[in-house]
Amino acid sequence: MASKKGIKIFTGTSNRDLAENVAAFIGIPLGLSEITRFSDGETAVSIGESVRGKDVFVIQSLCNPVNDHLLELLIFIDALKRASAGRINAVIPYYGYARQDRKMKARDPITAKLVADLISRAGAERVMCMDLHAGQIQGFFDIPVDHLLGIPILARYMKKKEIQKGVVVAPDLGGVTRARDLAARLGMPLAIIDKRRPAPNEAEVMNIIGDVEGREAIMIDDLIDTGGTIVQGAEELLKRGAISVYACCTHPVLSGPAKTRIQNSEIRELVVTDTIPLRNSLKMEKITVLSVAGLIGDAIKRVHGEMSVSELFE
């Protein structure tokens with residue numbers, strides 16, 4: 001592996017705790033930087049140390065407030081480019097706007113592609129993301145993309161539950177591949193919830209494909225936003241004879257009524273990762289947070305050392 005002296009890790013304001021844990025895992029301090037805002041809201045970034053010729057990694061989740069954090073990332077990349085960084089790597093644990101990955105009706109934008117273009121044009125030469133909402137987003141970039149998976153972390157935790165008779169449930173048809181992966185790792189059968197979305201952030205369960213009666217169900221998704229899908233799914237699984245319901249996801253967006261819905265639901269435990277920081281107002285006994293710092297740290301060391309990243313998941 002290349003010398004650690006060649007690596008610099010910086011972070012925006014979206015998830016500093018994760019960035020600090022990644023840097024500690026690698027064994028280097030976070031790079032010196034300052035992010036300020038003018039009175040009218042403009043963002044200013046100042047790099048506090050030399051990055052000339054360095055392999056620089058900027059860690060920034062595009063979580064709420066999404067637009068502010070996106071602009072921070074773009075300005076950070078531009079500052080590093082103008083400071084003659086050797087290579088600029090954008091590490092985006094949670095890729096915002098990923099749900100706008102296609103045209104649902106006439107005259108819709110494809111915002112996930114627009115964001116990819118902005119990041120590339122700003123000067124990033126490589127991108128690292130976790131559990132993209134749609135795999136095809138990797139193709140929206142004209143630069144290399146390392147797609148990290150949260151499933152192994154979630155699977156290791158769920159194995160400790162020693163569930164004797166379980167079933168892994170995909171909350172919709174789009175999540176079947178993810179659920180199948182978790183089911184294979186846990187040695188459990190697969191079930192699928194067939195639903196439709198009458199409007200954004202609204203879901204309606206139509207049917208459940210597979211046997212859930214007498215089983216402990218584990219629902220898996222890439223993200224949970226308002227909680228409607230996961231809570232409705234849990235209710236329907238219990239109606240169909242499931243003994244209990246666990247839920248897990250990589251990205252705890254948890255906006256709007258999510259906390260109330262999850263707190264009042266029949267979900268036994270919600271397992272998430274720290275790709276998005278869990279605000280104090282959202283913390284509750286039902287939520288368990290697993291860290292992805294080690295995974296991201298390993299991936300950064302492999303990218304820097306010109307080694308395979310995919311071997312992490314084999």
- Please round to the nearest 0.5 Å and tell me the distance separating atom OG1 of Thr43 and atom CZ of Phe76. 12.0 Å
- Any sub-3.5 Å donor-acceptor pair from Arg180's side-chain atoms to Leu190's backbone N or O? no
- Query: Would you call Leu32 and Ile47 a side-chain contact if the rule is heavy atoms closer than 4.5 Å?
  - Reply: no
- Query: Counting only heavy atoms not in Lys160, do more than 12 fall under 6.0 Å of its NZ?
  - Reply: no
- Query: Between Thr275 (side chain) and Thr250 (backbone), is there a donor-acceptor pair under 3.5 Å?
  - Reply: yes
- Answer yes or no: is there a side-chain heavy-atom contact under 4.5 Å between Pro93 and Ile296? yes
- Item | Lys286 and Glu266: CA distance, side-chain angles, deciding distance, salt bridge (charged side-chain N to carboxylate O under 4.0 Å, His left out) verdict | CA-CA 10 Å; Lys286 279 190 178 184; Glu266 295 297 322; over 6 Å; no
- Check whether any side-chain heavy atom of Asp274 lies under 4.5 Å from a side-chain heavy atom of Leu290, and answer yes or no. no
- Task: Please step through side-chain contact (heavy atoms from CB on, under 4.5 Å) for the pair Ile151 and Phe313, ending with a clear verdict.
- Result: CA-CA 9 Å; Ile151 290 292; Phe313 309 105; over 6 Å; no
- Task: Please lay out, stage by stage, how Arg178 and Asp181 fare under the test salt bridge (charged side-chain N to carboxylate O under 4.0 Å, His left out).
- Result: CA-CA 5 Å; Arg178 186 179 302 106; Asp181 186 4; over 6 Å; no
- pair Lys301-Ile26: side-chain heavy atoms closer than 4.5 Å: yes
- Query: Is there side-chain contact between Ile153 and Leu295, with heavy atoms separated by less than 4.5 Å?
  - Reply: yes
- Rounded to the nearest 0.5 Å, what's the gap from CZ on Phe25 to CG on Leu18? Could you check? 12.5 Å
- Salt-bridge present (Glu72, Arg37; N to O < 4.0 Å): yes
- Query: Just wondering, do Asn89 and Val58 contact through their side chains at under 4.5 Å, heavy atoms?
  - Reply: no
- Task: List the steps, then state whether salt bridge (charged side-chain N to carboxylate O under 4.0 Å, His left out) holds for Arg240 with Glu236.
- Result: CA-CA 6 Å; Arg240 301 295 180 94; Glu236 195 65 27; 3.2 Å; yes
- Query: Are side-chain heavy atoms of Leu223 and Cys249 found at a separation under 4.5 Å?
  - Reply: no
- Got a salt bridge between Lys8 and Asp55, using NZ or NE/NH1/NH2 to carboxylate O under 4.0 Å? no
- Identify whether the distance between the nearest side-chain nitrogen and carboxylate oxygen of Glu216 and Arg268 falls below 4.0 Å. yes
- Side-chain donor/acceptor of Asp131 to backbone N/O of His133, under 3.5 Å: no
- Task: Could I get the full list of side chain to side chain contact (heavy atoms under 4.5 Å, CB included) partners for Arg16, not counting sequence neighbours?
- Result: Thr11, Glu20, Leu30
- For the residue pair Arg121 and Leu74, establish whether any side-chain heavy-atom pair is separated by less than 4.5 Å. no
- Give a yes or no answer on whether the side chain of Ser61 reaches the backbone of Cys63 with a donor-acceptor pair at less than 3.5 Å. no
- Message: What's the separation between atom CZ in Phe57 and atom CE in Met128, rounded to the nearest 0.5 Å?
- Response: 6.0 Å
- Counting only N and O atoms by type, is there a donor-acceptor contact under 3.5 Å from the side chain of Asp221 to the main-chain atoms of Ile224? no
- Query: Would you say the side chains of Asn67 and Tyr97 form a donor-acceptor pair under 3.5 Å?
  - Reply: yes
- For Ser308, does its backbone N or O pair with a side-chain atom of Arg302 as donor and acceptor, under 3.5 Å? yes
- Output yes when a side-chain donor or acceptor of Glu269 lies under 3.5 Å from a complementary backbone atom of Ile267, and no otherwise. no
- Query: Is any NZ, NE, NH1 or NH2 atom of the basic residue among Lys113 and Asp101 found under 4.0 Å from an Asp or Glu carboxylate oxygen of the other?
  - Reply: no
- Item | Pair Asp225-Ser255, side-chain donor/acceptor within less than 3.5 Å | yes
- Query: What do the steps show when you test Val127 against Ile119 for side-chain contact (heavy atoms from CB on, under 4.5 Å), and what is the final call?
  - Reply: CA-CA 9 Å; Val127 168; Ile119 292 169; 4.1 Å; yes
